[in-house]
Every structure is written in structure tokens, then in C-alpha cells.
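In what follows, a structure is listed as C-alpha cells, so that the remarks can point back to it.
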Amino acid sequence: MVHLPCPTAQLIKEEADKFDQENSLDEEALGLLFSQFPGNKALPEVLLKVIALNKLYGAGVRDPHISAVARHIAGIAGLDALLQQGSPDAAERIIDCKEVKRNYFSFASKYCSWHNPDAFAIYSSEIDACLWRYREQDNFTKYRRGSYDYREFLRIMNAFRNHYGLTSIGFKDLDKFLLAHGARLLLR
């Protein structure tokens with residue numbers, strides 16, 4: 001079993017800086033797109049965000065579902081307010097896309113994070129693998145892997161931050177750290 005390093009603010013900053021250097025064009029493009037189109041009512045704007053985020057962040061939305069997911073998001077009453085408030089209901093409502101009958105949990109977390117990175121953590125298989133390994137190693141909290149909704153995922157992320165004294169670290173940087181270490185775990 002591989003021993004993971006104790007996450008520190010310095011280590012997280014180093015991983016986040018490395019991620020930003022390696023992905024600067026993607027990050028800049030998504031940042032520009034989400035700042036140019038902050039709302040979620042105009043379907044063409046939502047569609048552009050869904051396509052770009054799905055492609056650049058490997059969010060897993062199948063091509064035939066792209067338009068349906070965009071229509072679903074544009075039709076969610078009060079979504080902009082929920083995103084601004086940092087309400088987990090925003091992610092849960094995006095996940096609940098009845099037209100595609102598929103759980104796009106990772107996509108929803110990424111979409112919400114790009115609207116409000118301070119309130120929304122990103123979920124991915126790499127992040128899941130890293131969190132689980134830290135749970136096995138340091139028992140930072142109890143949970144059953146893969147059996148959570150977005151609220152539970154946020155609870156796990158906050159338990160991780162609290163356990164390691166990282167409450168001053170934002171989700172965006174923490175996501176980058178967990179993603180990098182999780183990717184290494186999955187490659188082994």
C-alpha cells in the first residue's frame with residue numbers, strides 16, 4: 001500500500017501551481033467563458049458552457065446527451081441564485097436530469113465549481129480514489145465509497161480539510177491536489 005504524503009498548505013499550493021502551468025490554456029478559456037456567460041437561463045450560453053466544460057474537463061457527458069443536459073440546466077428555476085449561495089441543491093438539481101436518465105455527478109460538480117469555486121468542490125474518479133486512500137490511511141472520516149450525494153461529498157471534503165488543518169485552502173486548489181495524487185494512484 002502506497003503511503004500518501006500528509007497534505008499541507010505548501011504541498012497543495014505546489015500541486016495547484018503545477019496544475020495551472022500544465023493546463024493554463026484550458027483554465028483561461030473556461031474562466032473567460034464562465035465569466036462572459038455567468039447566467040444559466042439562455043440556452044445557447046448554457047450549451048457552450050456544457051460543451052466546453054465536458055471536453056476540457058473530461059466531465060463524462062455523452063455526446064448525444066449534451067443538448068438535453070443544457071436544456072435541463074437552462075430550465076432549472078432559481079439555479080443562478082442557488083449557485084451564488086453555494087447551495088448543494090444546485091448540484092443535486094443538475095444531476096437530476098430526467099431526460100437522459102443518467103447520473104452526471106462529476107459534470108454537475110464541475111459545472112457548479114466553475115460558477116462558484118469557493119462553495120463547490122469537484123468530484124472525479126481520481127479525487128474519489130485519493131480521498132478513499134486518505135481515509136484508509138488516516139481515517140479522516142467514515143463513509144461508504146460511492147454511496148453519496150453531493151451534500152455527502154461536500155461533507156467528506158470538509159472533513160478532509162478539517163482533519164488536516166486546511167480550512168484556509170479553497171476547494172479549487174484542494175481539487176487540484178487531490179486530482180494529481182488520485183491520478184497517480186489510478187496509474188499504479
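Computed over heavy atoms, backbone and side chain alike; hydrogens, waters and symmetry mates excluded. Counting from 1, the numbers follow the sequence of the chain as shown. Just so you know, these numbers come straight off a predicted model, no measurement behind them.
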Least distance between heavy atoms, L154 atom then A121 atom: CD2-N, 3.9 Å
Hphob cluster co-occupancy, Y134 + L11, side-chain heavy atoms under 4.5 angstrom: yes
Residue pair F177 / F19, side-chain heavy-atom distance below 4.5 Å: no
Atom CD of E152: over 12 foreign heavy atoms under 6.0 Å: yes
Any donor-acceptor pair under 3.5 Å from K49 side chain to F37 backbone: yes
Flag side-chain contact, heavy atom, 4.5 Å: L53 against F107: yes
Residues D128 and R145 bridged, charged N to O under 4.0 Å: yes
Sub-4.5 Å side-chain heavy-atom contact between M157 and L131: yes
Inter-residue atom distance Q85.CD - D80.CG, 0.5 Å rounding: 11.0 Å
R155 side chain to N158 side chain, donor-acceptor N/O pair below 3.5 angstrom: no
Side-chain donor-acceptor contact under 3.5 Å, S124 with E126: yes
Distance-only donor-acceptor check, side chains Y104 and H65, under 3.5 Å: yes
Any side-chain heavy-atom pair of V46 and R71 under 4.5 Å: no
Sub-4.5 Å side-chain heavy-atom contact between L4 and L185: yes
Result of checking F34, F120, Y57 against Y111 for ring pair (Phe, Tyr, Trp, His ring centres under 6.0 Å): F34
Separation between CD1 of I156 and CZ of F140, rounded to the nearest 0.5 Å: 6.5 Å
Value rounded to 0.5 Å, distance of CG in D173 from CG in L178: 11.0 Å
Electrostatic pair K18-E15, nearest N-O below 4.0 angstrom: no
Heavy-atom side-chain contact between D149 and E92 under 4.5 Å: yes
Hphob cluster co-occupancy, F153 + L82, side-chain heavy atoms under 4.5 angstrom: no
Shortest non-hydrogen contact from H181 toward C130: CB-SG, 3.6 Å
Heavy-atom neighbours of E28 CD exceed 12 at 6.0 Å: no
Distance-minimising heavy-atom pair for L174 and I169: N-CG2, 4.1 Å
Nearest heavy atoms of G58 and K110, plus distance in Å: O-NZ, 3.7 Å
same_hphob_cluster(L43, V50) at 4.5 Å side-chain heavy-atom cutoff: no
Test item: F160 and R135 side chains (from C-beta on) under 4.5 Å apart, heavy atoms: no
Ion pair check, D118 and K172, cut-off under 4.0 Å: no
Residue pair P7 / I12: nearest heavy atoms and the distance that separates them: CB-CD1, 4.4 Å
Distance, nearest 0.5 Å, that separates OG of S67 from NE2 of H72: 14.0 Å
Considering all heavy atoms, the nearest A119-F171 contact: O-CE1, 3.7 Å
Between NZ on residue K176 and NZ on residue K13, distance to nearest 0.5 Å: 10.5 Å
Any donor-acceptor N/O pair, T167 side chain to N162 backbone, under 3.5 Å: no
Interatomic spacing from CG in L30 to NZ in K55 - rounded to 0.5 Å: 12.5 Å
Expected output: side-chain N40 to main-chain L79 donor-acceptor under 3.5 Å: no
